[in-house]
Amino acid sequence: MTRRADLAAAEALGLTAEEYAKICEIQGGEPTYVELAIYSLMWSEHCSYKHSRPVLGRFPTSGPRILQGPGENAGVIDVGDGWAVAMKVESHNHPSAVEPFQGAATGVGGIVRDIFTMGARPCVSLDSLRFGELSEPRQRFLLDGVVGGIAHYGNCLGIPTVGGEIYFEPSYEGNCLVNAMSAGLIRADDIVRAVAAGVGNHVVLIGSKTGRDGIGGASVLASQEFDETLEEKRPSVQVGDPFTEKKLIEACLELLNDHHVVSMQDLGAAGLTSSSSEMASKGFVGLDIHADRVPLREADMEPWEIMISESQERMLAIVEPAKLETVQGICERWDLDCTVIGEVTDTKMLRIHWHGEVVGDIPARRLADESPVIRTPSVKPDYLVDEPVAVDDASYPPPKDLGAALAELLAAPNIASKRWAWEQYDYIVQANTVQIPGSDAAVLRIKGTGRGIAFANDCNGRHCYLDPYRGAKAAVAEAARNLSCAGALPVAVTDCLNFGNPEKGEIYWQFEQAVEGIAEACEALDTPVVSGNVSFYNESFGQAIYPTPMIGMLGIYDDVDIHLDGAFKDEGDVIVLLGPPAGFVDGSEYQKVHYGRVEGRVPDVDLALEVRLQAAVREAVARRLLKSAHDCAEGGLAVALAESAIASGAPGGAQWTDPAAAKPERSGRWLGADVTIGAVERPDLALFGEAPSRVVVTCAPGDLEAVHALAGDLPFAVLGVVTGESLRCTMGDEELLALPVSELHGVYESLPDRLA
Amino acid sequence: MSSASPQPVRFGVVVFPGSNCDADAHHAISTFPGATVDYLWHKDTDLKGVQAVVLPGGFSYGDYLRCGAIARFSPIMQAVKDFAADGGLVMGICNGFQTLTEAGLLPGALIRNTGLKFVCRYVNLRVENAETPFTRACDEGDVLRIVVKHNEGNYTVDPETLAAMKANGQVVLRYCDADGVPGDAANPNGAVEHIAGICNETRNVFGMMPHPENSVEAALAGGADGRRLFQSIIDTLTVAEVAS
Amino acid sequence: MKVRVTITPKQGILDPQGVTVERALPALGFQGVTDVRIGKHIELRYDPPGGVSAEQARTDVDDMCRRLLANPIIEDYTFELDEG
Amino acid sequence: MKVRVTITPKQGILDPQGVTVERALPALGFQGVTDVRIGKHIELRYDPPGGVSAEQARTDVDDMCRRLLANPIIEDYTFELDEG
Ligand SMILES: Nc1ncnc2c1ncn2[C@@H]1O[C@H](COP(=O)(O)OP(=O)(O)O)[C@@H](O)[C@H]1O
Ligand SMILES: [Mg+2]
């Protein structure tokens, strides 16, 4: 007799009484234990998006270039000449907090499977990371493990990790964020969707054997807050095997691109359960799964365990009987297990068999699509209840030594070079990398065409905390600005929405505000959202993370040769600030680092201005009028200038052989700048204050007029010229700061010293 | 030399499960008009008549146990050994270098980087011996700028063997600074005497940790210094062909 | 004293190295090898200044294993102490 | 039968991991740790079809170690067999 599960069992699995009642209604009585386990996972926050679905509908998701929007494993964008890019981002926050190395590694593995499931060959990865303050040993341990795990997995797969971001804020102390983004190239007419079809076709499981990895991972780890029972949850840690995944990539792309399979789906959260029910639901068919035919790593597993195991490196394929032999042959060639575990039926039921007995029988569509929807009534958080106002500058006494303040900012972990991390990543494999990590955007060429693609990741969580709407909007604008600085046209967004507990009104408010901000910016910039991920419950002991809606953006080039970086190129070039001159202390890195405060009213992005500014920058790059372009972000104008000066040691975005040597590799000397700012009361805020829509560009003196003409009525200020060896800022006759670039370089590259 | 344009040199790139620079090596060689290139599958037992074999970079068998330890038992490796014994040119890049040492075709071993981290970085390489089939398009003392990317690139060998290797010109490439001076600061992995590439006694088997196949196109971040190594092989085999 | 630590992947945790080696062995002519698990073997000398009792040494080494040498989330460890 | 193989870095061969662990320990409050060497511990079952004598098993396992499990240029190995 199959065991029946009662309300108590349902509640133990995290289901509510209403949810249980709905399950009983769908099942026509008490569910079996297998059925209940399946429902509990499919209706968990992580799999069902029950809190976020209605809000996400706000995003613009279509456009002439969009071949596939949200709803598939990855979004797909037409990038020209018959080529398309599939892209998505995924969070692996909770697993990484438990075991940073394996958590991050399996995060990369999961997102890469989402890409090649579509038939695309994964061609880039990016990683967006958040930790608590670096001064805490535990945070250094997490950082070390997470970066090591990403390197271990991505390097082994031979997918270049070309970009990302790392921020440190106390709010992430109990909940680090590990957002892995991946993209792949595919011929536009080869896109495969994860839809089961063809009654009588085989359901085939390819890849690793199934063990008890991550049992309950989706519901237990991803959908609850962390508390004291964290320790007990550890046995469900998943270990990644990038070698098997590499073989899977090769075998699956052969199966998909040569049309040997009808469709394919990766096994991610909730394993066999979610992959089979989603494939059945989308195809309006049923699937019979024989759990007893699944190859096991541990002999004594129960059917419900097999159905929800999150063992990594597994794929589910629908195969016509006539093609089974070919499919098995290809898998054998790659030494991969390939097992028929079921068939496509016309019952529209997901039916689980166990040694001849039916232990679960669920209407696939209702399971996949009728999960509950919850809209928490949103409440503006206490800390924002009084409409925040810009801080009074008078309460921020200006520093005496602006040079020291600049050095302090360059050394701040949020600004300092992240070379320590990205030198652990193979960013060059696949022979497409045009622009390596360390600048505004990563640039790759598309072999056999003159075209290129560019990627950027952005989100300032502190701004989103002070104003989730403005902060999220600014994240989209900044990602696009980074691409525009590199000369690429921004075309699409994938997002990873990291928030606290959505059952709380304040968190829900943050979430709604952020989505609104993203949506408005994406509309203005014409960059639809094609895929994404939501990660809730990033809270420990009631303390939520800063709202962190990470934006991953794709840009394209018709001619990748026109790409540009932020490094100063030649002495005598003119330095221009495009965009508004004023910087604000509110929410800035300067505020945090120098004054130890986080407060105020972060500036709002003027989207119309932003759009015009970026178009002008791109046009100037395309006409080869600019020598460099770099956006002003954390640390303001002075940090942007310093970064362009430091990068001058590495022409073409290359890097020093010996990062410790304070000497540029090829030119033999650093390029600095001599700039003057207009008379203001607070030069420190002009230098270090932050504001959106600002780009520092350089051009040959002879091109200045043409650049100015292109800029039209955009705010335009000639700051000075590129000079040798040092960075000097003046205001009128007053010297504000003057520092050798070699010294700035030393501080900027000092992160490793603080990791030892 | 005859004026008729010579036959292109036929290269083979071995594919092990877990190789991930096989396609890059293939692509790099295909940018040379004087060469053609095919893949060789690890389960095959013959080399399809190629004139030069490249063992590519990557993580054959996941680099589990030891880098190259399992790959060296692949069926194709017996053919590679026979080919090398007959004087055929074999070039191992990174994981390919590791596999050649595991197979006993090159002396020494590659152990964990002293930094214990994977390192992906541009390095400068000093050509120590330009009289090999793999470096003849360079001059001794030339500095090549090529990327390294590995976790186990720390070359080690016992002192007697090393002395013999040096006497015999088997140390082919060393990590150096931009001015061509080898030293600790330029050495990304702790390799003994800053060794980046070596050959066997008969100079027809060559292994290097850096990745010349990622430095063949000036338009990419990797630059084009790696071309000279492939060009050397092509020159060697073209001259041999024309002479025979 | 001499310390020998043995670290093994926890029961039920995937051991990709072990699986790969096991798969490779038959091709090398070794039949009948199963259940391959690969872990670490660490040897060290522990002679804290001022000496230490065997019991204290056990506590210290256990501490070292837990905090640095092993990863208790996915690995088990055992150790032996050897006077001398 | 059960087989346990211990692989250690050869005397005179640099052990970067051992060096790093040794350097990290004082910061964690462990004084007096020296000579840290990190190697591998491999467990497997060896039951060739048709059975095998203990002596033959020793020869076979030694062969496995020499040819695959260890690299004699940089590593030493020992092993134990365990009936059952
Ligand atoms: N924040 C978001 N923005 C846009 N699309 C989203 C977002 N979150 C999830 N999606 C889309 O919802 C679908 C389900 O996501 P997910 O469950 O993460 O997929 P998977 O099971 O492949 O990991 C995907 O198509 C994904 O792109
Ligand atoms: Mg998926």
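Order of the sequence lines sets the chain letters (A, B, ...), proteins ahead of strands, with each chain counted from 1.
Two residues are said to be in side-chain contact when any heavy atoms from C-beta on lie closer than 4.5 Å; A:N432 and B:H27 fail this criterion. Within the 4.5 Å cutoff, side-chain heavy atoms of B:K117 are placed close to those of A:D144.
Here the CG atom belonging to A:D426 is positioned 6.5 Å from the SG atom belonging to B:C21, to the nearest 0.5 angstrom.
For residues 439-446 of chain A, heavy-atom neighbours of chain B at less than 4.5 Å comprise A:R445, sorted by residue number.
Closest heavy-atom contact between A:F243 and B:F59: CD1-O, 4.3 Å. The two residues B:G18 and A:K246 have their closest heavy-atom pair at CA-CG, 4.1 Å. What you find for B:A221 and A:I436 is that their closest heavy atoms are CB-CG2, 3.4 Å. The minimum heavy-atom distance linking B:D24 with A:I428 is given by the pair OD2-O, 4.5 Å. The heavy-atom pair separating B:L220 from A:T433 by the smallest distance is CB-O, 3.6 Å. Residues A:C156 and B:N20 share a closest heavy-atom pair of O-ND2, 3.1 Å.
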Run A:H152 and B:D63 through side-chain contact (heavy atoms from CB on, under 4.5 Å) and show every step you take. CA-CA 11 Å; A:H152 165 70; B:D63 273 359; over 6 Å; no
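Counting heavy-atom pairs closer than 4.5 Å to chain A, the top-ranked of the candidates B:S19, B:S60, B:P188, B:G62 is B:G62. The choice from A:K247, A:E250, A:K447 that makes the most heavy-atom pairs within less than 4.5 Å of chain B is A:K447.
In this model, a donor atom of one side chain and an acceptor atom of the other lie less than 3.5 Å apart for B:Y64 and A:D241.
Ring geometry for A:W334 versus B:W41: interplanar angle over 60°, hence perpendicular rather than tilted (30 to 60°).
If you measure heavy-atom distances from A:I159 to chain B, you find no contacts under 4.5 Å at all. Neither the backbone nor the side chain of B:S215 comes within less than 4.5 Å of any heavy atom in chain A.
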